[in-house]
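First comes the structure, then the notes that go with it.
In listed order, ligands and their atoms are each counted from 1. Starting from 1, each residue takes its place in the sequence as its number.
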Amino acid sequence: MSKQLLFTPTSVGPFTLKHRVVMAPLTRMRSSEGNVPNEMMAEYYAQRATPGGLIIAEATPVSPYGFGYAGAPGIFTQAQVEGWRKVVDAVHAKGGVIFLQLWHVGRQSHSLLQPGGIDPVAPSAIQAEGYAYAQSGAVPFGMPRALLLEEIPAIVEEFRHGAELAKSAGFDGVEIHGANGYLPDQFLQDGTNKRTDAYGGSIENRARFLLEITSAATLVWGPGRVGVRLSPSSSYGSMHDSDPEETFGYAAKALDTLGLAYLHIVEPRIKGDDTLDKDAAPVAVHYLRPLFSGPIIAAGGFNRESAEELLFQGDADMVAFGRAFIANPDLPRRLQENLPLNAYDRDTFYGGDAGGYTDYPFAAQQVSSE
Ligand SMILES: Cc1cc2nc3c(=O)[nH]c(=O)nc-3n(C[C@H](O)[C@H](O)[C@H](O)COP(=O)(O)O)c2cc1C
């Protein structure tokens, strides 16, 4: 019997949401020249917008040096602001709420993606395993250069500026991308941060960059329109920490003092299986829930049943869906009416045209049998 907690109202900052099915941030690499969002992106987001439903728009670099995926949209030029306005207006026209995810990939890049062909930056000069997506295709992550202490304030300022531009584009708020092994995560976890200055060593120091960029965004928006995404259990991008409970517990408690819109947690998944395994990693929403007093969004491998179960247990307030939202523009309706889901096509996830982007079918309207 369905509990349907997904379709009860909740709130995020000043917004009352009509349901708890959140669209997860999804990099699709379909922006136009100059990393400018376009009409096709506006159509894609509008298709997925619902009245009172929260969309977290894809990871968007705040700096030309923050890219690891060619074709990702940016938020550092006026042309990008104009492009994003089309997306935001299209979502608002359908009554949706849309936050923008602010991004800097740090070491998950390559000199081919950097202006002037310079090396990407990181807290420490440690190379990650994996691939960046240059115009020419996938390239192994490059060897990063360790940021000088005096360079860090300029990156914090880039996040503040990105937050400000997101506001002028009409977004409802921003999410700091602190997950998946990108720059803030590289500062946070001790496997990637070997610094001996004020940004390395103790957890207080390693969390400093994340807290500074989050605070910078709250100065622009007020805290109720800023969320943060963390992925305590993900090893993507060669990430590891010697004490994830301590590290992410500290981060959650410190973020809690800011009074944020929400904390967004990527949950552990069993490989090849879309069910949750609470024992797969020590740090998941179940552990973090008591440490953060605001709303929590959980993401990662959820289906209708496991999402309902998590809400029922009370470990999160909302559930974000990624791949299911790619393939199902009307995902909230399908979950509510328990309709079958379209399968996703992995080959069209990253880059390309409207194929696998705006052409996934909506479920047929139900014909009354009366
Ligand atoms: C194509 C694709 C692009 C993604 N892009 C982002 C992104 O821009 N930012 C982010 O935080 N996570 C990103 N993710 C991770 C998703 O937000 C989500 O956490 C992940 O897909 C697990 O959720 P799911 O099982 O519902 O798909 C991406 C995932 C996929 C498949």
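Any N or O atom pair closer than 3.5 Å counts here, and Gln101 shares at least one such pair with ligand 1. Checked by distance only, ligand 1 and His177 come closer than 3.5 Å through their nitrogen or oxygen atoms. Residue-to-ligand polar distances place Ala59 within reach of ligand 1: an N/O pair is separated by less than 3.5 Å. In terms of polar-atom proximity, Phe349 is not counted as a contact of ligand 1, lacking any N or O under 3.5 Å from an N or O of the ligand. Where the criterion is an N or O separation shorter than 3.5 Å, residue side chain and backbone included, Gly322 meets it with respect to ligand 1.
Put simply, Val220 and Leu258 are part of the same group of oily side chains (I, L, V, M, F, W, Y) that touch within less than 4.5 Å, one to the next. Linking ILVMFWY residues whenever their side-chain heavy atoms come closer than 4.5 Å, directly or via other members, places Tyr44 and Val88 in the same cluster.
Comparing Arg229, Arg323, His264 against atom 18 (C) of ligand 1, the shortest heavy-atom distance belongs to Arg229.
Of all atoms in ligand 1, numbered sequentially from 1 with element shown, those under 4.0 Å from a heavy atom of Asn180 are 10 (C), 11 (O), 12 (N). For ligand 1, the atoms closer than 4.0 angstrom to any heavy atom of Phe321 are 26 (O). Near Ala24, with a cut-off below 4.0 Å to any heavy atom, the atoms of ligand 1 are 17 (O).
Taking each heavy atom of Asp317 and Arg20 in turn, the nearest pair found is O-NH1, 2.9 Å.
Contact analysis puts Gly300 in contact with ligand 1, with a non-hydrogen atom separation below 4.0 angstrom. Residue contacts with ligand 1 include Gly301, since one or more of its heavy atoms lies under 4.0 Å from the ligand. The closest approach between a heavy atom of Tyr350 and any atom of ligand 1 is below 4.0 Å.
Using a 4.0 Å cut-off between charged nitrogen and carboxylate oxygen, Asp185 and Arg107 do not count as a salt-bridge pair.
Counting heavy atoms from C-beta outward, Thr214 and Pro223 have side chains that stay 4.5 Å or more apart. The closest side-chain heavy-atom distance from Phe248 to Val283 is below 4.5 Å.
Between atom CD1 of residue Ile176 and atom CG of residue Leu260 there is a gap of 9.0 Å, rounded to the nearest 0.5 Å.
Checked against the 6.0 Å centroid criterion, the rings of Trp103 and Phe159 do not qualify as a close aromatic pair.
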